[in-house]
Amino acid sequence: MLQKPRGTRDFLPDEMEARRSVEWCFREVARRWGYREVCTPEFEDLDLFTMRSGEGIIEEMYVFLDKGGRKLALRPEITASVIRMYVNEAKVAKKPLRWYYFADCFRYERPQKGRYRQFWQFGVELIGADTALADAEMVILAADMLNATGVMYDLRVGHLSFMKQLLQDLEPNIQRRVMSYLDKKDFKGLTVTLEAMKKPDLYQSLTALIDCRELAEAFDISGLVPEKERIEQTIGILDATDVKYTLNFGIARGLDYYTGMVFEGFAPNLGAENQILGGGAYRLAHLFGGDDVASCGFAIGFDRVMVSLGDVKQSKDTVVAIVCTNEGQKRALAIARAFRDAGIRAEMNLMERGLGTQLAHASKSADYAVVIGQREAESGNVTIKNLQTGEQKTVELAAAIAEVRAHGPRG
RNA sequence: GCCAGGGUGGGGUAGUUGGUUAUCCUAGGGGACUGUGGAUCCCCCGACCCGGGUUCGAAUCUCGGCCCUGGCCCCA
């Protein structure tokens with residue numbers, strides 16, 4: 001028996017319906033905010049991803065040579081592709097650009113709960129708006145999207161300026177190491193490094209900063225942050241909305257191209273892989289030969305949202321089973337078409353079964369049965385049976401369609 | 001890359017001091033019934049993850065691999 005590749009999944013219809021319904025929540029919110037869908041290639045030049053994230057990511061990607069000897073990679077994320085596309089195709093487009101995507105990505109990692117080798121991201125990029133309101137729009141939109149699905153989450157909003165301010169006297173590679181220690185909560189490593197740098201006093205400030213949940217306090221800890229006004233504006237806008245968030249200045253993300261505001265979302269009911277959203281303000285286009293356009297965006301880990309939501313009750317489609325005898329078959333086809341034209345899901349019996357057996361099967365899977373035998377074929381009426389109540393009547397086709405429309409699916 | 005626990009029909013399972021034809025439930029298909037059903041009865045379908053080893057004989061013991069679940073690491 002051939003198995004599916006490690007870390008991939010099959011989705012049966014029930015699960016696909018659940019996934020699509022959540023997907024459409026995201027799409028609909030994006031649409032209402034003016035974001036329009038874009039699509040980029042499933043694979044790209046390997047360079048695109050190493051330019052963004054460094055050579056280290058190669059071993060966590062699906063990398064291959066094509067028949068022309070090109071080094072390609074299945075995309076491990078989509079922001080780089082979107083910005084590449086912006087540089088290639090849309091540099092002169094009116095700003096701001098509001099784009100979204102929903103697509104699968106691939107990472108060669110060890111699978112575990114909420115982590116797969118093929119996974120889906122729903123992401124948003126806002127390109128060319130460098131304002132507090134733009135930053136705030138990302139956070140509010142992200143919250144709107146998650147709210148639309150009903151998933152439980154905690155939202156954390158931070159800003160890199162505070163950390164950068166405290167670390168400004170350190171060399172960039174030391175900065176990175178310190179931020180990495182903070183991210184991992186490795187306070188021993190942090191102490192050792194700071195003492196080696198003869199900056200032991202920074203320990204107090206840094207740990208205070210990552211525990212800090214108040215903006216004013218953060219300014220006290222870090223001193224005069226150059227973007228103070230912008231940060232205050234952004235937070236002020238968020239506070240004027242009903243977005244629930246906590247401030248967290250320990251969000252480091254370890255990414256050089258994030259420039260200012262950063263935010264993350266976590267699902268409390270997930271295990272180790274509980275981050276369902278990440279985003280912030282960044283500058284990336286210059287890496288790909290474009291202008292240094294300010295951008296802001298986030299990506300939602302679609303599969304983790306699905307895991308967090310668990311089994312969602314799907315609104316069921318009303319199903320009409322078309323049951324017929326041989327004499328009624330041609331008429332039944334026309335009846336089925338009439339129901340379908342009316343927007344109702346109608347399924348013909350395809351098995352060579354007797355009426356009784358057809359109805360027995362229909363009663364397990366359908367809400368109504370429409371019986372077309374010789375009598376119906378000759379009279380032009382249809383016999384419609386409510387499979388939940390057992391009530392049955394012979395009426396005109398239009399009345400049967402109206403009957404199905406009037407009642408929903410069984411509960 | 002590391003650790004733990006797993007892998008028996010489509011789903012859920014019984015079965016290991018090695019021993020006939022591998023158990024049961026469920027799902028699925030067919031039949032009885034043939035213009036009214038979910039019942040019942042009968043029949044069918046269908047599995048020991050893969051490979052090597054030990055053995056007269058392996059689902060069972062052993063080694064390796066693959067995969068699953070969870071955790072570590074990592075996380076763009």
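Throughout, a chain's letter reflects where its sequence line sits, starting with A, and its residues are numbered from 1. This structure is a prediction, so every number in the text was calculated from the model and none was measured.
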Test item: A/S363 side-chain N/O and A/L387 main-chain N/O as donor-acceptor pair under 3.5 Å: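 No, the answer is negative, given that no donor and acceptor are paired below the 3.5 Å cut-off.
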Is there a donor-acceptor pair under 3.5 Å between the side chain of A/D367 and the backbone N or O of A/V319?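 Looks like yes, one N/O pair under 3.5 Å.
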Atom-to-atom span, [atom1] of [X] to [atom2] of [N] - whole angstrom:
X	N	atom1	atom2	result
A/I322	B/rU36	CD1	C1'	16 Å
A/N326	B/rG35	CG	C1'	13 Å
A/R353	B/rG37	CZ	C1'	12 Å
A/I251	B/rA76	CD1	P	12 Å
A/D186	B/rC74	CG	C1'	15 Å
A/Q121	B/rA76	CD	P	11 Å

[N] versus [M] - spacing of their [atom1] atoms, nearest Å:
N	M	atom1	value
B/rC56	B/rC50	C1'	25 Å
B/rA22	B/rG57	C1'	16 Å
B/rA4	B/rC45	P	43 Å
B/rU16	B/rC49	P	16 Å
B/rG53	B/rG9	C1'	28 Å
B/rC2	B/rG65	P	10 Å

Residues A/Y62 and A/Q118: side-chain donor-acceptor under 3.5 angstrom: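 No, no side-chain donor-acceptor contact under 3.5 Å.
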Ignoring hydrogens and angles, state whether a donor on the side chain of A/E227 or A/S161 is under 3.5 Å from an acceptor on the partner side chain. yes
For residues 138-186 of chain A, which residue pairs qualify under ring pair (Phe, Tyr, Trp, His ring centres under 6.0 Å), counting only residues two or more places apart or in two chains? A/F162-A/F219, A/F162-A/F249
Expected string for nucleotides 67-73 of chain B under the B/S/- scheme (protein heavy atoms, under 4.0 Å, primed atoms plus P, OP1, OP2 as sugar-phosphate) is SS-SBBB
Does A/D130 come within less than 4.0 Å of A/R230, counting only side-chain N to carboxylate O?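 Here A/D130 pairs with A/R230 in a salt bridge, since their nearest N and O are under 4.0 Å apart.
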Which sits closer to the 5' end of RNA chain B, A/T357 or A/E391, going by the nucleotide each is nearest to?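 First, find each residue's nearest nucleotide; the 5'-ward one identifies A/T357.
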Between N or O atoms, less than 3.5 Å apart, protein on one side and nucleotides 45-48 of chain B on the other: list the pairs.
none

Less than 3.5 Å between a donor and an acceptor, one on the side chain of A/E376 and one on the base of B/rG35, is that the case here?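 Such a pair exists between side chain and base.
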Collect all protein-nucleotide pairs involving nucleotides 41-43 of chain B in which both atoms are nitrogen or oxygen and the distance is under 3.5 Å.
none

Counterpart residues, side-chain hydrogen bond (donor to acceptor under 3.5 Å, both in side chains), relative to A/E396 (two or more places apart):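 By the side-chain hydrogen bond (donor to acceptor under 3.5 Å, both in side chains) rule, A/E396 matches no residue at all.
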Who pairs with A/I174 by side-chain contact (heavy atoms from CB on, under 4.5 Å), at least two apart in sequence or on another chain?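 With neighbours one apart ignored, the set is A/L170, A/E171, A/R177, A/V178, A/T193, A/M197.
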